[in-house]
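Below is one structure, written out as structure tokens; the observations come after it.
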There are 2 protein chains.
Amino acid sequence: MQDTQTHKKPSRIQQRNRTAILEAALDVFSQHGYRGATLDQIAVQAGLSKPNLLYYFDGKEDIHVTLLSQLMETWLDPLVTMDAQGNPVDEILAYVQRKLDMARDLPRESRLFAGEILQGAPRLRSELEGHLKPLFDEKCAVIQAWVDAGQLPQIDPRHLVFTIWASTQHYADFALQVSILTDDAPDTFAVASDHLDRMFRSMLTLP
Amino acid sequence: MQDTQTHKKPSRIQQRNRTAILEAALDVFSQHGYRGATLDQIAVQAGLSKPNLLYYFDGKEDIHVTLLSQLMETWLDPLVTMDAQGNPVDEILAYVQRKLDMARDLPRESRLFAGEILQGAPRLRSELEGHLKPLFDEKCAVIQAWVDAGQLPQIDPRHLVFTIWASTQHYADFALQVSILTDDAPDTFAVASDHLDRMFRSMLTLP
DNA sequence: GCTAAATTTTACCATTTGGTAAAGCCACGA
DNA sequence: TCGTGGCTTTACCAAATGGTAAAATTTAGC
């Protein structure tokens, strides 16, 4: 018996292979969804045999949940950074930019997450309720406080955040459509950055 | 041999069963994606046996493409309606509302579409390039003309449309997340409607 | 009511898929 | 150098899946 689950020190080779597997799984799961992904695909992509995969993980589900819980941390980080002490408009606009950067730099992660939610998130619900919800509530309260203090116009903080998520992640989740419709313009993210900054600035600026 | 492909008159029973199959397929494909969906699931949902399915369609792929090409028409309709002769702000805001209505009334269709794009749209590319792209270009030109005429502030029409799509479809595609984060508020769409109207109005109103 | 065509069922099949057992390999400390 | 324990491969398997052949049944037109 080896030691992938219990809390001992993982060997160098274990570290390497588990990382390779999760890398490959990110590729495959984000492209085909949970049910559409196959262990063989993941194994090939990771450069391992299928039984070798299952030496490191207890099964398909195990790989998937490991991936998702690792992702959640990264995913929520830009929101965590939003500071209640800062200038409201600056803080929110900076958050928009961080989210857009993530859509550009981590599109597979964005798509994995999107696909999960899309399919009813049977293996993500608890993460959403346990980690996302409290953070979301906290940051909405911060924004609401800004509104109440007259530092922002009357807006619904929850729907503002939804709109930020939607409009930034769109560039990762719908990248194919975007690239078709913009004729593969190489400056898409630069233009998007400017567009989103203008848009959120105009809606957050007091009249 | 029967007559599902050739262009004769379909019998009443054929009409009914093909409709039932596509209904069921919409459910299953939108929930699990193409590869994750199974013919058995679709058959059960449609109240037919699997071989009976395959009497009406040539295979899984056939069901899928039929569904997608039927959907595309419905999907583009709100954009078609946007009128170059109308008032720019009113036209765009009305388009936003039509898209939001669609997210509320046709969430499965939205998710099917989203899942397709997410997975690289191998069976949708031609539809996107053939139908969506020309319409998109046409309507972007209309918006650009409004901008050039000084009836709208300087905005990038393409990214405006992306933002409209993203922010409205979000309520269908990420419905689960939205419902968790809003504690299942029953008035989500009403609040969203108000929020989006305000947002786009503020960004489209000349300073 | 009869027949021919349309529809549905039954009984399959080949392939793919997630997963396992057990043998083999390999690195490293005693 | 020789075990011993961690790692990898080979050879499988049962279930699920997309699909088919052909018999059985229903429907529609006369």
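Sequence lines set the chain letters: A, B, ... in the order given, protein chains first and strands last, and positions in each chain run from 1.
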Salt bridge (charged side-chain N to carboxylate O under 4.0 Å, His left out) between A:Asp101 and A:Arg104, worked out: CA-CA 5 Å; A:Asp101 289 344; A:Arg104 184 192 55 206; 3.5 Å; yes

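- Between the CZ atom of A:Arg16 and the C1' atom of D:dG6 there is a distance of 13 Å, rounded to whole Å.
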What string of B, S and - do you get for nucleotides 23-29 of chain C 5' to 3' if you count protein non-hydrogen atoms under 4.0 Å? -------

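- Here the P atom of nucleotide D:dA16 and the CG atom of A:Asp40 are 18 Å apart, to the nearest Å.
- A straight line from CZ of A:Arg18 to P of D:dC7 spans 11 Å, rounded to a whole angstrom.
- Side-chain nitrogen and oxygen atoms of A:Asn52 include at least one within less than 4.0 Å of the OP1 or OP2 phosphate oxygen of D:dT9.
- With rounding to whole Å, B:Leu54 atom CG is found 14 Å from D:dT17 atom P.
- Shown here is A:Arg125, whose CZ atom has no more than 12 heavy atoms of other residues, nucleotides or ligands within 6.0 Å.
- A:Arg111 meets the salt bridge (Lys or Arg N to Asp or Glu O under 4.0 Å) test with no other residue; sequence neighbours excluded.
- At whole-Å resolution of the value, NE2 in B:His32 and C1' in D:dT17 are 15 Å apart.
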Side-chain polar contacts of residues 154-163 of chain B - donor-acceptor pairs under 3.5 angstrom, sequence neighbours left out - could you list them?
unit_1	atom_1	unit_2	atom_2	d
B:Asp156	OD1	B:Arg158	N	2.9
B:Asp156	OD1	B:His159	N	3.3
B:Asp156	OD2	B:Arg158	NH2	3.2
B:His159	ND1	A:Tyr171	OH	2.6
B:Thr163	OG1	A:His195	NE2	2.8
B:Thr163	OG1	B:His159	O	2.8

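- Among the nucleotides D:dC7, D:dG18, D:dT17, the one closest to any side-chain atom of B:Lys60 is D:dG18.
- Within 4.0 Å of B:Ala43, counting heavy atoms only, lies no atom of the nucleic acid at all.
- Heavy atoms of B:Leu39 sit under 4.0 angstrom from primed sugar atoms or phosphate atoms, though from no base atom.
- Residue B:His64 contributes atom NE2, which lies 15 Å from atom C1' of D:dG18 at whole-angstrom precision.
- Judged purely by atom type and a 3.5 angstrom limit, A:Lys139 uses its side chain to pair as donor or acceptor with the backbone of A:Val80.
- Residue A:Arg35 holds its CZ atom at 12.5 Å from NE2 of A:His64, rounded to the nearest 0.5 Å.
- Separating the NZ atom of B:Lys50 from the P atom of C:dA14 is a distance of 15 Å, rounded to the nearest angstrom.
- Between A:Tyr55 and D:dT8, a side-chain N or O to OP1/OP2 separation shorter than 4.0 Å is absent.
- Note on B:Asn17: every side-chain N or O is 4.0 Å or more away from OP1 and OP2 of C:dA6.
- Nucleotides of DNA chain C nearest to A:Gln41 and A:Pro51 differ in position, and the one nearer the 5' end is that of A:Gln41.
- Of the side-chain N and O atoms in A:Tyr56, none sit less than 4.0 angstrom from OP1 or OP2 of D:dC7.
- Side-chain atoms of A:Thr188 do not come within 3.5 Å of backbone N or O of A:Asp184 as any donor-acceptor pair.
- Between D:dT8 and A:Ser49, no contact under 4.0 Å exists linking OP1 or OP2 to a side-chain N or O.
- With rounding to whole Å, A:Leu48 atom CG is found 9 Å from D:dT8 atom C1'.
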Show, in sequence, the C-alpha distance, side-chain angles and deciding distance for A:Phe113 and A:Trp165, and conclude whether the ring-ring contact (aromatic ring centres under 6.0 Å, His included) test is met. CA-CA 12 Å; A:Phe113 194 81; A:Trp165 290 347; 8.3 Å; no

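- Within the 4.0 Å cut-off from OP1 or OP2 of D:dG6, not a single side-chain nitrogen or oxygen of A:Gln14 is found.
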